[in-house]
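So the structure is just underneath, and the comments pick up after that.
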Amino acid sequence: MSLLAEERKKKIMSLIQEFGQVKVNQLAKEFHVSTETIRRYLEELSNEYKIKKVHGGAVKVEPVNNELSMFEREILHIEEKKLIGKKAATLVEDGDVLFIDEGSTTMQMADGLLMKEGITVITNSFPIAIKLMEREELRSFTGELIFLGGHVRNDHFRTTGSLAEKMAKEFYVDKAFIAIDGVANQAGFTSYDLDKCLLSQVFISQSKKSYVLSDDSKVDKVANYKIASLEEVNYFITNIDYSHTVALTKEQWIQS
């Protein structure tokens, strides 16, 4: 798709976020294109789970508040999450610059980062930042820590929003580790929180390699907002059973 088309779709998303709905005829006049072109844009956005098509236009997708609080997420499937976090940490090399997304699974990476030399961790996760700060005092973490400011979500112990996105865009990193709420072949990787989704997209686009971390309870689940297609992420780290984790390449995951 052309750059102009992508810009128009972003404008449509912005209008829907502001007004809750858009009309095909109004958009056609504003963009000076045919109604068929607008319907195609709306169809594409609908297929990405970003809007809901209705007769004559589209409306905002109302989020279903299915994302559990950090306290609730932290205890669910904890053994699997520990294994996945441990596996992800082994993929970090000395000197790496990292984005680490907020999540109960990505949080399990922290202990595995302690003995890495010369790494830089950029995160929006309060638990990850606090753990690394504590270990820095004990000299068991000697890397750099950069915390992304923004809107604070108390229930999830993270920052999100335009300020966090703007700050994240200032960095180009070696590896990004992303948390998700669902993954399915057609929908790709999804989240229940739009702001989190937009920040995760920045992490992916600004990294040389991207890794999604998720236990198998989220496989074949679709949350409200699309983070990325399967093809856009380099590796998917998940558990096969209670004792084994794998880092699947995008080709392996798509074929499975």
Separation between CZ (Arg8) and CG (Leu27), nearest 0.5 Å, reads 11.0 Å

In short, Thr190 meets Ala223 closest at the heavy-atom pair OG1-N, 2.9 Å

Return the set of residues passing side-chain contact (heavy atoms from CB on, under 4.5 Å) with Leu194 (not counting sequence neighbours), or none when no residue passes.
-> Gln17, Leu198, Tyr225

Can a salt bridge be assigned to the pair Lys131 and Asp111 using a cut-off of 4.0 Å between side-chain N and carboxylate O?
-> yes

Within 6.0 Å of CD in Glu144, more than 12 heavy atoms from elsewhere = no

Side-chain donor-acceptor pair under 3.5 Å between Asp101 and Ser200, yes or no?
-> yes

Is Tyr192 reachable from Val202 through a run of hydrophobic residues whose side-chain heavy atoms are each under 4.5 Å from the next?
-> no

Among Lys175, Lys208, Lys116, Lys209, whose side chain to side chain donor-acceptor pair (under 3.5 Å) with Asp96 holds?
-> Lys175

Should the pair Tyr211 and Phe177 be assigned to parallel (<30°), tilted (30 to 60°) or perpendicular (>60°) ring geometry?
-> parallel

Exercise: do Asp193 and Ser191 side chains pair donor with acceptor under 3.5 Å = no

Connected via hydrophobic side-chain network under 4.5 Å: Leu148 and Leu163 | no

Would you mind reporting whether Tyr41 and Ile12 have side-chain heavy atoms less than 4.5 Å apart?
-> yes

Within the distance-only criterion (no hydrogens, no angle test), does the side chain of Thr238 pair as donor or acceptor with the backbone N or O of Ser214 below 3.5 angstrom?
-> yes

Determine whether Ile16 and Leu45 make a side-chain contact, defined as any pair of heavy atoms from C-beta on separated by less than 4.5 Å.
-> no

